[in-house]
Amino acid sequence: MDKFTSSTGAACPIEQSNLNTDQILPARYLKWTRAMGIGKVLFHDLRFDAEGKEKPDFPLNKPAWRNAKIIIGARNFGCGSSREAAVYALYDYGIRCVIAPSFGDIFSGNAVQNGVLTAIISDEEAFEIMGALKRTPELLVTVELERQTIVCGNRTYHFAIDPVRRMRLLNGWDDIALTENYGDRITAFKERDQRERAWAFPRVD
Amino acid sequence: MLWSSSMTEPQTIIDKLWNAHEILRRDDGESLLWVDRHYVHEGSFHAFAKLTERGVRVAEPGLTFGVADHYVPTRGSRHDIADPEIARMVRQVEDNTAKFGIKLFGIDDPRQGIVHVVGPEQGLTLPGLLIVCGDSHTSTHGALGAYAFGIGASEVAHVLMTQTIWQKKPKRMRLTIDGATAPGISAKDIILAVIAQIGADGANGCALEFAGSAIRALSIEGRLTLCNMSIEAGARCGMVAPDAAAIAYLQGRPYAPKGAKFDQAVEAWSKLITDDGAIFDRDISLDAKTIAPIVTWGTSPQDALPIDASVPDPACEANAERAKYLRDALDYMGIAPGKKLSEIAIDRVFIGSCTNARIEDLRAAAAVLAGRISKVPGLVSAGSTVVKRLAEEEGLDRIFRDAGLEWGESGCSMCVGINGDIVAPGERCASTTNRNFRGRQGPGARTHLMSPAMVAAAAVNGHLADVRPLLAGRKT
């Protein structure tokens, strides 16, 4: 798993609330492997019109934000489908951090798995940062996970993140290697379970 | 003693399910949970690739079941798949499950269907189980009293390799709906009313128990619809305590326990209830008799209103942010501000999906359509091939065909459109599905979510409509 410690870069505000994973990566691209360049189709139907031309109004198409490393979103960012490829698309485009007042549960779990930070701030703070960025699009934003801070211009904000997710991002832990350390506990659990809940194990065809 | 004990303090069903699966809890609060069932589908290919990359096997192939649902064609030939990319997706799940020794309900299997229909139907989904699948609508399986949630590809790989998953215990939320619903009101109306009230993130971070007399009065199929859409309120999972209806539903199903094992299971399931006095982190209630037939008008399931209402007018909205949200949603949907919902003309209908394509759903739609003609084209795709055959035995396919609708094969179909069955750009579809997101049913498609009976009413009228007048004098 990729680590996340800090990120400094252009930050793109996307004001739409409930921005679901269908918007982040439309379903027709789910059959793509990552090697096919999934970052190119990030936010496809919001970024491009039916003829494939860029929509100039979409924030990520504006010159200052084309190379954004950070997205500032609205409430319930990444709700909807469990598609982890939505996170692959963000990462492969170059996004390392999404800041928003709340996130879809599965999305933020997927983000951690791929070294993408989901930082939680209040609605008011999100509104304030978006305002600052709209006034000064080229403003660089710095997100530091160790201290849980966002520096935007002369303001510093504190963000929330689940402490377990924070540790995993800082260390880039591999879940599977961690779990394998508990192999004996898993085996013991299964053996007891097979005795006590025999009904929970289905017949074998 | 697995679940409750009079010696301990009162527990919620959520606590009982959690405790029964917790292998260990680390000091930081993360728990390693045992997974009883893992369902995979065509979209699980990223996870299988990770296994291949590491050169490892599936830890518990006997607890893992595959289906072909997301990409299978639901109109025309199932075998000469025109799009080579879609054909590759269907072949890939066959190859991956064969390679790793996993049972597959593939495209030619009579038990094939949408994973969230097949699991309960085959008796693989049981009360008391912890179930995961790389699909957000895995919450469906909670209808039988399982702890069931959707996961991403990395977690799918982790479950394949270890049969366990790391989770932090979510907040416990209870939604109690008491009272009797009015005639013509279905589980879909209930869940849309809930989401409209609490919002698309109203249950974020929570495991959600549905309780109350209106919930207990629902059939298992209705509960499956209800729990299916708990993810649309942001819940990690939704569940209903198993009762006599759940036991009756499961008895005799192919993979359900048999004989003495079934008796042991029933004994265990009977304890799987929230104890009196157990504490929830959030506890809210809704009066069943206030629920009317509901349709969505916007681009989130929370944009839902009773059919006799009008869509919002952004000009009447004081909050600027909310006004912009309404404007954007109405603009995408191509609806004038303040328009009456019942005056919105539709271009097509879709009856299908893991939300509403079980036999009772098809019966409810057929009860409205019998002897009537649809004014618009549409597709009916049964939730499973078993449901399709049963509907044909009951003659429901004739009713749909006679009404002018297409009777297709089973799969995720036009709910998510990745098998090629899409709603054309700008077209408006009355749909029994779960998401009215922009472009969900195809680029530029406009989706209105509603119950199967309400979709049938929209078909007959050519516009969104209250089903209740069409039910007068009919047996439903």
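Each chain gets a letter, A, B and so on, in the order its sequence line appears, and its residues count up from 1.
The pair A:Lys55-A:Asp57 does not count as a salt bridge, with every side-chain nitrogen at least 4.0 angstrom from each carboxylate oxygen. A salt bridge does not link B:Arg88 to B:Glu42: none of the charged nitrogens lies less than 4.0 Å from a carboxylate oxygen.
Scanning residues 76-90 of chain A against chain B with a 4.5 Å heavy-atom cutoff picks out A:Asn76, A:Gly80, A:Ser81, A:Ser82, A:Arg83, A:Glu84, A:Ala85, A:Tyr88, ordered by number. Taking 4.5 Å as the heavy-atom cut-off, the residues of residues 180-189 of chain A that approach chain B are A:Tyr182, A:Arg185, A:Ile186, A:Phe189, ordered by number.
Counting heavy-atom pairs under 4.5 Å between each of A:Thr33, A:Asn114, A:Asp162 and chain B puts A:Asp162 at the top. Comparing A:Leu30, A:Thr21, A:Asn20 by heavy-atom pairs within less than 4.5 Å of chain B, the highest count is held by A:Asn20. Chosen from B:Gly123, B:Ser136, B:Gly444, the residue pairing most often with chain A at heavy-atom distances under 4.5 Å is B:Ser136. Interface check for chain A: of the options B:Lys258, B:Glu321, B:Arg54, B:Arg26, the most heavy-atom pairs under 4.5 Å are formed by B:Arg54. For chain A, the option among B:Glu232, B:Lys103, B:Met89, B:Arg236 with the highest count of heavy-atom pairs below 4.5 Å is B:Arg236. No other option in B:Met161, B:Glu85, B:Gln264, B:His158 has as many heavy-atom pairs under 4.5 Å with chain A as B:His158. Among the candidates B:Gly134, B:Ala49, B:Pro254, the residue making the largest number of heavy-atom pairs closer than 4.5 Å to chain A is B:Pro254.
Under a cut-off of 6.0 angstrom, the local environment of CZ in A:Arg75 is sparse, with at most 12 non-hydrogen atoms contributed by other residues, nucleotides or ligands. Residue B:Lys324 places its NZ atom among 12 or fewer non-hydrogen atoms of other residues, nucleotides or ligands, all under 6.0 Å distant.
Contact of B:Asp28 with chain A is made through backbone and side chain together, with heavy-atom distances under 4.5 Å. For B:Lys168, the part sitting under 4.5 Å from any heavy atom of chain A is the side chain, from C-beta outward, and nothing else. For B:Leu24, the parts sitting under 4.5 Å from any heavy atom of chain A are the backbone and the side chain alike. Heavy atoms closer than 4.5 Å to chain A are found in the side chain of B:Glu60, but not in its backbone. For B:Thr164, the part sitting under 4.5 Å from any heavy atom of chain A is the side chain, from C-beta outward, and nothing else. With a threshold of 4.5 angstrom between heavy atoms, B:Leu126 approaches chain A through side-chain atoms but not through N, CA, C or O. B:Gln302 touches chain A through its side chain: at least one heavy atom from C-beta onward sits under 4.5 Å away, while N, CA, C and O do not. Only the side chain of B:Arg435 comes within less than 4.5 Å of a heavy atom in chain A; its backbone stays farther off. Both the backbone and the side chain of A:Asp175 come within contact range of chain B, each with at least one heavy atom under 4.5 Å from a heavy atom of that chain. Of the atoms belonging to B:Phe65, it is side-chain heavy atoms, and not backbone ones, that fall under 4.5 Å from chain A. Heavy atoms of B:Gln122 lying under 4.5 Å from chain A are absent altogether. Residue A:Asp49: no heavy atom, backbone or side chain, is found under 4.5 Å from chain B. Residue B:Phe262: no heavy atom, backbone or side chain, is found under 4.5 Å from chain A. For B:Ser154, the parts sitting under 4.5 Å from any heavy atom of chain A are the backbone and the side chain alike. For A:Pro26, no part sits under 4.5 Å from any heavy atom of chain B, backbone or side chain.
Counted by atom type alone, A:Thr179 and B:Trp166 present one or more donor-acceptor pairs between their side chains at under 3.5 Å. Side chains of A:Glu144 and A:Thr149: no donor on one and acceptor on the other come within 3.5 Å. Judged purely by distance below 3.5 Å, without hydrogens or angles, the side chains of B:Thr447 and B:Gln441 pair a donor atom with an acceptor atom. There is a side-chain donor-acceptor pair under 3.5 Å between B:Asp303 and B:Tyr325. In summary, the side chains of B:His21 and A:Asp193 do not present any donor paired with an acceptor at a separation below 3.5 Å, with no hydrogens or angles considered. A:Glu128 and A:Tyr157 share a side-chain donor-acceptor pair at under 3.5 Å.
For B:Phe437, the ring-ring contact (aromatic ring centres under 6.0 Å, His included) criterion is met by no residue, not counting sequence neighbours.
Judged by the 6.0 Å distance and 45° axis criteria, A:Arg197 is positioned over the aromatic ring of A:Trp199. Note that A:Arg203 lies in the cation-pi zone of B:Tyr255, set by a 6.0 Å cut-off to the ring centre and a 45° limit from the axis.
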* **Derivation and outcome, side chain to side chain contact (heavy atoms under 4.5 Å, CB included), residues A:Leu117 and A:Ser7** => CA-CA 10 Å; A:Leu117 169 66; A:Ser7 181; over 6 Å; no

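Classification of the A:Phe48-A:His44 ring pair by plane angle, with boundaries at 30° and 60°, yields tilted.
Paired with A:Phe43 under the rule ring-ring contact (aromatic ring centres under 6.0 Å, His included), one option of A:Tyr29, A:Phe58, A:Tyr93 passes, and it is A:Phe58.
Of all heavy-atom pairs between B:Leu63 and B:Gln163, the closest is CB-NE2, 3.6 Å. The shortest non-hydrogen separation linking A:Ala126 to A:Gly73 is CB-O, 4.2 Å. When every heavy atom of A:Arg165 is checked against every heavy atom of A:Asp105, the shortest pair comes out as NH2-O, 4.2 Å.
Applying the ring-ring contact (aromatic ring centres under 6.0 Å, His included) definition to pairs two or more places apart or across chains, none involves residues 108-137 of chain A.
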